[in-house]
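Each residue takes its place number in the sequence, starting with 1. Fair warning: this is a prediction, and the values are worked out from it, not measured in the lab.
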Amino acid sequence: MRKHYIRFDAELAVGAMMPGMSPDSGPSFDAKATDVEAFGGWFAGPKAENGKKFSQTIQHILEDYHHWRRNYFPEDGALIDSSLKRAQEEFQDQFDDRLLELLAKLKADFPFYSPRYAAHMIAEQTLPSIAGYFAAMLYNPNNVTADSGSVTLRLELEASSMIARMLGYGDDSWAHITSGGTLANFEALWLARTVKYLPLVVAEMASRLGLGLGIPSDESTLLGMEPDLALYLFEQCFEQADSKGHPFSRVISCYRSAAYNVGEQGIGHITSMLGSSPVLLIPETHHYCLLKACDLLGMGKKAVVRVRVDADFRMDVNDLRQKLEAIDQDPKRHVFAVVCVVGTTEEGAVDPVNEVLDLRAERVAAGLPSFWVHADGAYGGYLRTMTVPNRLGLGDPATSTMVYGEPVELQLQLPQHSACDALERLGEVDSVAIDPHKLGYIPYPAGVVCFKSSLVKPLARQDAPYLEENASGPAAEKAAENVGVYILEGSKPGAAAAAVWLSHKLIPLDSTGHGKLIRETVRNACELHALLESFPGLAYGLDVRAISLCPPGSNILCFAFRPETPGANLREINALNRAIYERFTVSERSGKSVYEQGFFLSRTQATSSQYCSETVQGFLDRLGVTAVEYDAEGVFLLRSVLMNPWYGLAKEKGRYFLAELVQSLHEEASQALGSMSSTS
């Protein structure tokens, strides 16, 4: 393995030491700086340090469950007697063998719990969430209705309400658990599409029922109505109809038979009547599930208009403004929603939600069409815990570490304060998707979709007589506690609800609890970024250099290596980074086991089909390649998600995993470059 020698001359050493640190003492750390006292008991720990106590917890759950079974009508008596048990000995032997086989297979999986794992959006799970999931899993409730999940459905509604409040929503909001962010995004856009045409529906209902709602008559005004106003008028339509003596059955019939009811008539019928097609505006950083949503909603992927992002991969609101203005001038198109990404999956960036909301308000004041604003916070929604009730702050923009055994002080490029400005306005968007099974540290599957107004429930309702009696109107629908008739899923585990509920009951969703954990992960990503950027100044003999795509927007970092000597083209650089990636993962092709793998990274790709060359031009310049090469090849990127909570505590114990990762990266990159040079 190629060696790199630490640069430790007198000038560098002075700059590297922390105040009050002797040359041979190593960096000193304040235990409180990592907040480990807050979350040290939340997880099993990388060496199962909390495992013994948790084993007792699991045993207690099992014994309690078995006790419940024994004490339900004990006079019924036991059915499986000793003779039956003896007859099953062969099955039990096979059970034991196959279980041992399964346990052995599982040990070949990735060590998501370890500080050495810095790859995908998977890390530790909180002990309360595991206990909650395990306990409810034994009862196996289906949370589609109270009839099949009476306890866990109530837990779901309470847990979802906790998350909605954390996001900034009030008592009139509605939220529920989904299988993940993809389905949460689907559901949000499904209802955004329905609300877009709701004013046209309400206008027809008011006319047929003889109501005086004062609704404008022209289609363009109705089509551009604010979502809040559209929902309010929908509710008023039912209330006025009731006051005039119209039975709810007739009002519901008017609603369902309305010419612009997209759920009944279909999107093709609506666009044909309007002579105009819906448009969804999303940033270049969008998750691919949004394209799937447009496909499934019948609008097609052509409905998507991409909005440029800036050098930090945050939505460019000026470009959004220009694209909205262009659509305003096109009678064949209308905007039904704008999606902001809160925590992009490649960069961890937070779009300027506040600026998008301000732009919408500005347009409404100017008489221009409004639109639904959805926040895809599947990954980054929990970042808001750092701002509730007050901004926690990211701490000192400096940290210390050890590189090749020598102390080094690093300056951190912390995310901009503007991200907090965006997070603090999440309660004003119309819907949010968020994943407890990512930065909530909850077992899969657990996503949540939150709506600012519970009036979306009657719009989503699908009749299922065996789940619930027919409700009588929006007021009753809003108060209904069942979820099955309002959601896309037909069955879902109550265990997920129990996991979310127990974890969030014990770990506050604010800056006194969960926010401290999130802050730690953000600082860790910034430390990795600082190490990669500064490493050429810390070591001699380097023949490779890491180039970051951008500074971390939260706790994700993407980067690529290039040779130090100029002249490498993008195809060669991509080949180098693919070779590096193969050294930081395990696969059937590699033949390696997880026990041989020192560190883990993931990978992604930046292509012109997602990011235009202008967006990544600064990165391309630093990488030493041209936009022409980028358009033809795309860039293969190494990606690190710093969700693991243990880096700070490890530093206190004298282990500097992030520095070791960077050292290993440079050594493996040099070796990969040497192998490529010898074969060329």
Apply side-chain contact (heavy atoms from CB on, under 4.5 Å) to L542 and F535, showing your working.
CA-CA 9 Å; L542 295 177; F535 202 79; 3.9 Å; yes

Side-chain H-bond candidate by donor/acceptor type, [X] with [Y], under 3.5 Å:
X	Y	result
Y444	D435	no
S548	E533	yes
S431	H374	yes
R583	Q671	yes
S418	Q416	yes

Check whether [X] reaches the backbone of [Y] with its side chain - one donor and one acceptor, N or O, closer than 3.5 Å.
X	Y	result
H120	I122	no
Y382	I518	no
E667	V662	no

Does the ring center of [X] lie less than 6.0 Å from the ring center of [Y]?
X	Y	answer
F39	H514	no
F600	F110	yes
F43	Y113	no
F112	Y117	yes

Least distance between heavy atoms, H529 atom then P551 atom
NE2-CA, 3.8 Å

In sequence, state the C-alpha distance, the side-chain angles, and the governing distance for R384 and E424, and then conclude on salt bridge (charged side-chain N to carboxylate O under 4.0 Å, His left out).
CA-CA 7 Å; R384 187 174 152 86; E424 288 172 343; over 6 Å; no

Under 6.0 Å from the six-membered ring centre of F336 and within 45° of its axis: does the NZ or CZ of R193 meet both?
no

So, [X] and [Y], do they make that salt bridge, N to O below 4.0 Å?
X	Y	result
E572	R562	no
D421	R391	yes
E284	R306	no
K651	E527	yes
D330	R333	yes

Counting only heavy atoms not in R571, do more than 12 fall under 6.0 Å of its CZ?
no

Distance in Å, [X] [atom1] paired with [Y] [atom2], rounded so as to fall on 0.5 Å steps:
X	Y	atom1	atom2	value
T399	Y647	OG1	OH	14.0 Å
I547	F559	CD1	CZ	11.5 Å
E668	L661	CD	CG	11.0 Å

Step by step, would you call E660 with R655 a salt bridge (charged side-chain N to carboxylate O under 4.0 Å, His left out)?
CA-CA 9 Å; E660 292 175 30; R655 287 304 305 268; 2.8 Å; yes

